[in-house]
Peer 1: 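Below is the structure I would like to discuss, written out as structure tokens.
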Amino acid sequence: MTVQLLLLFLFMITASVTDVKTGKVRNKDIVLFLILGFVFYGVFTARGLMAGDATTLVVLQRAGLNLAIAFVVSFAVRSAGVWPAGDAKTYVVANLLIPLSCYNHIYFSYFPGFTLLINVFMAGILYIIYKSAVVFVRSALPSVSVASLTSYTKRSAAKLAAEWPSHLKIFSSYVIVFFTMNLIAGEINSRAQMFEKLAPEAFIVALFFIMRPLGGFVNSRLSAINHFILYLIFAVAVFLMNGWSFDKSAAMLAKMSLNALKFLVFYGAIRTVADYYINKAQTFIIDIGGLKEGDLPTREFLNSLSPDAKAALRVAPEGITSGEAETIKNDVVAKGGDRAIVYEPIPFVPIILAGALFTVIAGISSVQYVKLLLFR
């Protein structure tokens, strides 16, 4: 365990320093510590088998399965555009090097690394809240006045009054996604003999990643009358699940509705902060001549380019290539522009380091830790 922890923190500190300095994680560091991790488990297995320890192969099997699932999950998150490939690989190596014995509470026996994922997720939220607050206090707060607040409130109220049907339909779409996932989670938990129970934390993390795309899909594909029909179907499904008991069904529907409202308030608050961070706190303007490989232009800036330029771009989470940088430069200069708007890179590797530290020290997820503090 001591050797694994030493390898873990050597890797995470090395990767964090490189990420802060260059914005990238070196592949040679990834490969080196992957090899060292495999060597550790090779020596561990050899010593255990020679000593006749029957649990050795069980531990090896759990570690291998955890690593394989961490690889799939990490690159699924990368495909969703949440973090670049280097950070995805860093998360995988961290899963290999964190001793399984560090996990005092796990959500899935075959994927202990889900606890680490939640801790990284929460560390990322805290970073975004902190960075947004700093930018707001430094830039927006000094210009706030009673007159500006009154004007903003009036504009927001007028916009809401004019667009409330569309906002209500979007809210309804999110509720439909929540209800659907809730019923799926309930079905999984009812078959706990076949599957492991889906913890509320796992349910919430999954919803955070899928709510916007699935909610947008429901909103774009279903009319208001379809929403009403789906709510009737949900009600019938709940009555069937409760043996047509009115009291149990009404209680279940009320609980689902209250949970949906609480989640959407929480989700809306986090999304508001995240949108502010993405659109304000994370963006900065650079001279077009300084645009280079690895920079990540904002969506609004990319949308301002000509159709031909946009068609030539395939911007990845890792940033633009040198060829894409030249395409953007030529297009902006041709239109008489001299500026580009890019995102400031998120220091994901230090965030993963923070999540790994909490996992090793506490042995549980940060969400579980808060629950224990509040409800012990």
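Computed from a predicted structure; not experimentally measured.
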Peer 1: Would you say I341 and P297 make side-chain contact, with heavy atoms under 4.5 Å?
Peer 2: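 Side chain of I341 against side chain of P297, heavy atoms only: no contact under 4.5 Å found.
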
Peer 1: Which heavy atom of T115 sits nearest to which heavy atom of H105, and what is that distance?
Peer 2: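 In terms of heavy atoms, the two residues are closest at OG1-O, 3.3 Å.
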
Peer 1: For residues S132 and Y276, report the shortest heavy-atom separation together with the two atoms involved.
Peer 2: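 Minimum heavy-atom separation between S132 and Y276: O-CE2, 3.6 Å.
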
Peer 1: Between Y103 and I364, is there a side-chain heavy-atom distance shorter than 4.5 Å?
Peer 2: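 Not in contact.
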
Peer 1: Would you please test Y91 and L117 for side chain to side chain contact (heavy atoms under 4.5 Å, CB included) and show each step?
Peer 2: CA-CA 8 Å; Y91 172 75; L117 183 65; 3.4 Å; yes

Peer 1: Given side chains that start at C-beta, do those of I288 and R339 come closer than 4.5 Å, heavy atoms only?
Peer 2: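 When only atoms from C-beta onward are counted, R339 and I288 do not touch, as no gap falls below 4.5 Å.
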
Peer 1: What pairs with T272 under side-chain hydrogen bond (donor to acceptor under 3.5 Å, both in side chains), at least two apart in sequence or on another chain?
Peer 2: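 Partners of T272 by the side-chain hydrogen bond (donor to acceptor under 3.5 Å, both in side chains) criterion come out as none, since no residue qualifies.
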
Peer 1: Taking V265 as the starting point, is it possible to reach W164 by hopping between hydrophobic residues whose side chains are less than 4.5 Å apart?
Peer 2: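 Looking at the clustering, V265 is in a separate group from W164.
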
Peer 1: Examine L168 and F217 and state if one hydrophobic cluster contains both, with Ile, Leu, Val, Met, Phe, Trp and Tyr joined whenever side-chain heavy atoms are less than 4.5 Å apart.
Peer 2: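 Looking at the clustering, F217 is in a separate group from L168.
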
Peer 1: Give the ring-plane orientation class for Y174 versus Y267, where under 30° counts as parallel, over 60° as perpendicular and anything between as tilted.
Peer 2: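 Ring orientation, 0 to 90° scale: perpendicular.
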
Peer 1: Under 3.5 Å, is there a donor-acceptor pair between the side chain of K329 and the main chain of L291?
Peer 2: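 At least one qualifying donor-acceptor pair exists.
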
Peer 1: Using a 4.5 Å cut-off between side-chain heavy atoms of Ile, Leu, Val, Met, Phe, Trp and Tyr, which other residues end up in the same hydrophobic cluster as Y130?
Peer 2: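 For the cluster that includes Y130, the remaining residues are V134.
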
Peer 1: Scan the side chains in residues 228-246 for donor-acceptor partners under 3.5 Å anywhere in the protein, sequence neighbours excluded, and list what turns up.
Peer 2:
| residue | atom | partner | partner atom | Å |
| --- | --- | --- | --- | --- |
| Y231 | OH | S172 | O | 3.2 |
| Y231 | OH | S172 | OG | 2.8 |
| N242 | ND2 | V238 | O | 2.8 |
| S245 | OG | K248 | N | 3.4 |

Peer 1: Pairing donors with acceptors under 3.5 angstrom, does anything connect the side chains of N119 and S365?
Peer 2: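 N119 vs S365: no donor-acceptor pair found between side chains.
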
Peer 1: Taking the six-membered ring for Trp, are Y369 and F358 closer than 6.0 Å centroid to centroid?
Peer 2: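 Yes, the ring centres sit under 6.0 Å apart.
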
Peer 1: Is any side-chain heavy atom of P350 less than 4.5 Å from a side-chain heavy atom of D19?
Peer 2: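 Side-chain contact under 4.5 Å: yes.
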
Peer 1: Any chain of hydrophobic side-chain contacts (each under 4.5 Å) joining L5 to V43?
Peer 2: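 No, because L5 and V43 fall into different hydrophobic clusters, even though each may have its own neighbours under 4.5 Å.
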
Peer 1: Would you say L296 and V342 make side-chain contact, with heavy atoms under 4.5 Å?
Peer 2: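 The answer is no; the side chains never approach within 4.5 Å.
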
Peer 1: Look up atom CG in N66 and atom CG in N95, then write down how far apart they are to the nearest 0.5 Å.
Peer 2: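 Between N66 CG and N95 CG, I get 5.0 Å after rounding to 0.5 Å.
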
Peer 1: Considering residues at least two apart in sequence or located in another chain, which fulfil the side-chain hydrogen bond (donor to acceptor under 3.5 Å, both in side chains) criterion with K159?
Peer 2: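 Scan of K159 (side-chain hydrogen bond (donor to acceptor under 3.5 Å, both in side chains), adjacent residues dropped) gives none.
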
Peer 1: Please work out which of the three classes, parallel, tilted or perpendicular, describes the rings of F44 and Y41, given edges at 30° and 60°.
Peer 2: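 Perpendicular.
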
Peer 1: Does I270 share a hydrophobic cluster with F348, counting links as ILVMFWY side-chain heavy atoms below 4.5 Å and allowing steps through other members?
Peer 2: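 Same hydrophobic cluster.
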
Peer 1: Within the 4.5 Å heavy-atom criterion, are I286 and D295 side-chain neighbours or not?
Peer 2: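 Yes, side chains in contact.
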
Peer 1: Show me, pair by pair, the donor-acceptor contacts under 3.5 angstrom made by side chains of residues 27-39, not counting sequence neighbours?
Peer 2:
| residue | atom | partner | partner atom | Å |
| --- | --- | --- | --- | --- |
| N27 | OD1 | K89 | NZ | 2.6 |
| D29 | OD2 | R26 | NE | 2.8 |
| D29 | OD2 | R26 | NH2 | 3.0 |

Peer 1: Looking at every heavy atom in both S16 and L353, which two are closest together, and how far apart are they?
Peer 2: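 Closest heavy-atom pair between S16 and L353: OG-CD2, 3.7 Å.
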
Peer 1: Quick one, L207 and F178 - any side-chain contact, counting heavy atoms below 4.5 Å?
Peer 2: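 In short, these two side chains touch, coming nearer than 4.5 Å.
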
Peer 1: Counting only pairs under 3.5 Å, give me each side-chain donor-acceptor contact of residues 51-61, with atom names and distances, residues two or more places apart or in other chains.
Peer 2:
| residue | atom | partner | partner atom | Å |
| --- | --- | --- | --- | --- |
| D53 | OD1 | T55 | N | 3.0 |
| D53 | OD1 | T55 | OG1 | 2.8 |
| D53 | OD2 | T55 | OG1 | 3.3 |
| T56 | OG1 | D53 | O | 3.2 |

Peer 1: Please examine the side chains of Y110 and I69, heavy atoms only from C-beta on, and report whether any two atoms are closer than 4.5 Å.
Peer 2: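 Of all side-chain heavy-atom pairs linking Y110 with I69, at least one is under 4.5 Å.
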
Peer 1: Hydrogens and angles aside, do R78 and S74 bring a side-chain donor and acceptor to less than 3.5 Å of each other?
Peer 2: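 Absent: no donor and acceptor within the cut-off.
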
Peer 1: Indicate the atoms forming the closest heavy-atom contact of S109 with R62, along with that distance.
Peer 2: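 Looking at all heavy atoms of both residues, the closest pair is O-NE, 3.9 Å.
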
Peer 1: In the single-linkage hydrophobic clustering (I, L, V, M, F, W, Y; side-chain heavy atoms under 4.5 Å), do I128 and L126 co-cluster?
Peer 2: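 No, because I128 and L126 fall into different hydrophobic clusters, even though each may have its own neighbours under 4.5 Å.
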
Peer 1: State, to 0.1 Å, how close S257 and F179 come at their nearest heavy-atom pair, and which atoms those are.
Peer 2: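 Looks like OG-CZ, 3.8 Å.
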
Peer 1: Is it true that R314 and E324 make a salt bridge, defined as a side-chain N closer than 4.0 Å to a carboxylate O?
Peer 2: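 The answer is no: the pair does not qualify as a salt bridge.
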
Peer 1: Between L305 and K310, what is the shortest heavy-atom contact and its length?
Peer 2: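 So the minimum-distance heavy-atom pair works out to O-CE, 3.4 Å.
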
Peer 1: Just checking, is any N or O donor in the side chain of S223 or N226 under 3.5 Å from an acceptor N or O on the other one?
Peer 2: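 A pair is found: one side chain offers a donor N or O, the other an acceptor, under 3.5 Å apart.
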
